[in-house]
Amino acid sequence: MSNSGNKRLYLLGNSQCGDSRCPVLQTSSDNGRTWEVVHTFSAQDTDLTQVRFANPEVGWAYGTSSIRMTRDGGRTWHGYPFPGDAVLDLESNGKVVIVTSSSQCASGTCSGVLRVSVTPIGGAAATQTAQFHGGLQRADIATSREHTVIDPRWPTTASRVGGPWTLAGADLVGTGPVSNITTSCIATGKGLLTVGSNDPGRLVSLCPVGGTGTFEVHSSDDGGSTWTRQGNGLSLPGSGPVSLAAASKSHLLAMRGDTLLVSTDAGASWHTPAGPPPTPRQGWAWIGAPGGTQLYAIAHDQGGYWVSNDWGEHWTEVTPGS
């Protein structure tokens with residue numbers, strides 16, 4: 001889902017389309033209270049699973065091998081060319097759209113080079129601005145209005161060739177300098193990095209300690225040059241993906257499997273929400289911090305999403321179309 005500001009939300013789901021499933025885009029102009037279907041994609045667009053909007057008019061729907069763009073709030077869409085043949089991630093800070101892509105991807109690893117494209121939101125195609133050695137598994141993007149981090153994942157520490165990388169300010173447009181974050185445990189390539197939604201200069205990383213499901217929390221207020229360890233760690237047992245959302249310097253949300261934990265002291269301590277959502281049968285799929293006191297959570301087996309308006313303590317289910 002995507003929050004484009006001014007209470008405008010977009011949610012990409014799917015519905016029955018003949019013998020297949022077709023992606024369906026819904027929008028809300030009142031912060032999720034009411035919804036309407038904006039566009040139903042064709043059965044040939046089943047690859048599309050994610051949506052991001054730079055503003056209420058300009059946005060992108062994407063999957064593992066394709067990107068579509070809209071300039072009229074999702075009513076009509078056209079192809080959005082990008083370098084390579086595999087989309088790794090896509091985000092926008094409202095001024096530019098950042099795409100990480102590669103090629104020759106199989107079994108979770110892309111042998112093609114990592115390509116980073118930074119393009120003004122009015123552009124008709126992704127413009128490559130940087131290229132790095134291939135052989136990676138992922139290249140996640142975390143962005144705010146002022147700060148963007150590209151966090152590549154390599155199969156082993158030995159195969160790692162750099163990153164995470166930060167792009168900031170005017171350097172987002174063009175081929176400006178790409179800074180390498182090297183002073184946190186995130187530099188091992190095993191951690192997780194995110195950007196504060198209300199404090200765009202704040203970076204927060206989760207770094208695994210051994211194989212026990214314990215993570216160290218580190219934060220930076222200078223773009224990753226220096227880091228401070230917060231508290232004695234965070235326990236997220238299990239084997240699934242880990243996600244982190246930073247609503248502010250103090251308020252964090254962490255997810256793994258069917259576990260949601262919140263922190264009100266910058267990660268020094270963690271607790272179960274006071275009014276948590278029900279435990280999803282297939283675990284949590286995604287969490288996000290759109291700004292203000294809000295946080296989002298989407299379960300694997302859910303048609304809608306959950307929203308918290310008090311930094312993650314209490315949650316309400318939103319089911320568009322119900």
Side-chain angles (χ1 to χ4, degrees), residues 1-11 26-35 50-56 59 91-94 141-149 192-206 215 217-221 228 230-231 234 236 242-256 258-280 284-299 302 304-320:
M1 67 179 298
S2 183
N3 186 324
S4 64
N6 297 320
K7 300 184 179 181
R8 174 68 67 173
L9 309 181
Y10 289 94
L11 183 66
Q26 298 183 74
T27 186
S28 170
S29 61
D30 52 16
N31 211 23
R33 287 191 291 274
T34 61
W35 292 81
Q50 302 285 336
V51 65
R52 298 290 184 270
F53 273 77
N55 57 50
E91 292 289 348
S92 177
N93 65 1
I141 305 168
T143 189
S144 68
R145 294 285 172 179
E146 300 178 16
H147 205 91
T148 295
V149 173
L192 175 73
L193 198 61
T194 194
V195 176
S197 62
N198 292 317
D199 298 283
R202 167 62 64 107
L203 303 179
V204 184
S205 68
L206 285 183
F215 296 79
V217 182
H218 293 242
S219 63
S220 171
D221 288 312
T228 301
Q230 305 289 344
L234 163 66
L236 289 170
V242 177
S243 292
L244 177 68
S248 73
K249 289 185 177 182
S250 300
H251 296 89
L252 309 177
L253 178 68
M255 173 210 89
R256 189 179 204 182
D258 60 6
T259 300
L260 279 181
L261 295 176
V262 295
S263 174
T264 60
D265 53 12
S269 63
W270 296 82
H271 62 272
T272 301
T279 301
W284 296 104
W286 176 84
I287 56 175
T293 64
Q294 281 194 331
L295 287 160
Y296 296 145
I298 297 179
Q302 183 182 6
Y305 64 97
W306 289 83
V307 61
S308 170
N309 294 302
D310 61 358
W311 307 109
E313 290 294 354
H314 300 86
W315 294 82
T316 301
E317 185 177 14
V318 178
T319 306

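When all heavy atoms of Q294 and A247 are compared, the pair lying nearest together is O-CB, 4.5 Å. Across all non-hydrogen atoms, the minimal contact from P320 to Q26 is CB-OE1, 3.4 Å. The minimum heavy-atom distance between A246 and A289, with the atom names listed, is O-CB, 3.8 Å.
When each of S250, S263, S248 is paired with W311, the side-chain contact (heavy atoms from CB on, under 4.5 Å) condition holds for S248 and for no other. Shown are T143, L206, L252, L244; of these, the side-chain contact (heavy atoms from CB on, under 4.5 Å) with T194 is made only by L244.
Put simply, the side chain of R256 gets close to the backbone of L236: a donor and an acceptor are under 3.5 Å apart. A donor-acceptor pair is defined here as one N or O able to donate and one able to accept, closer than 3.5 Å; such a pair exists between the side chain of T293 and the backbone of N309.
Within 6.0 Å of CG in D30 there are more than 12 heavy atoms belonging to other residues, nucleotides or ligands.
Residues P273 and W315 are in side-chain contact: their nearest non-hydrogen atoms beyond the backbone lie under 4.5 Å apart. With a 4.5 Å cut-off on side-chain heavy atoms, L260 and L253 count as touching. Side-chain contact check for V307 versus L295: every heavy-atom pair is 4.5 Å or farther apart.
One distance of note links CD1 of I298 with CH2 of W284; it measures 9.5 Å at 0.5 Å rounding. With rounding to the nearest 0.5 Å, the separation of CE in M1 from CZ in F53 is 12.0 Å. The CG atom of L9 sits 7.5 Å away from atom OG of S4, with the distance rounded to the nearest 0.5 Å. Note that CG of N6 and OG of S29 are 11.0 Å apart. Values are rounded to the nearest 0.5 Å. Of the inter-residue distances, the one linking N93 atom CG with R52 atom CZ reads 13.5 Å to the nearest 0.5 angstrom. L261 CG to T272 OG1: the interatomic distance, rounded to the nearest 0.5 Å, is 5.5 Å.
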Query raised in the report: Hey, mind stepping through V204 and V217 against side-chain contact (heavy atoms from CB on, under 4.5 Å) and telling me if it holds?
Result: CA-CA 7 Å; V204 184; V217 182; 4.1 Å; yes

Report task. Might you work through the side-chain contact (heavy atoms from CB on, under 4.5 Å) test for H251 and V262, ending with a clear yes or no? Result -> CA-CA 7 Å; H251 296 89; V262 295; over 6 Å; no

Report task. Evaluate side-chain contact (heavy atoms from CB on, under 4.5 Å) for T279 paired with T259, printing each intermediate quantity in order. Result -> CA-CA 8 Å; T279 301; T259 300; over 6 Å; no

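For E313 and H271, the side-chain atoms include at least one donor-acceptor pair closer than 3.5 Å. With no hydrogens or angles considered, a side-chain donor-acceptor pair links S219 and Q230 at under 3.5 Å. Between R8 and S28, the side chains place no donor N or O within less than 3.5 Å of an acceptor N or O (distance only, hydrogens not considered). A donor-acceptor contact closer than 3.5 angstrom links the side chains of N3 and Y296.
Between R202 and D221 there is a salt bridge, since at least one side-chain N of the basic residue sits less than 4.0 Å from a carboxylate O of the acidic one.
Below 30°, between 30° and 60°, or above 60°: for Y305 and W35 the angle between ring planes is above 60°, a perpendicular geometry.
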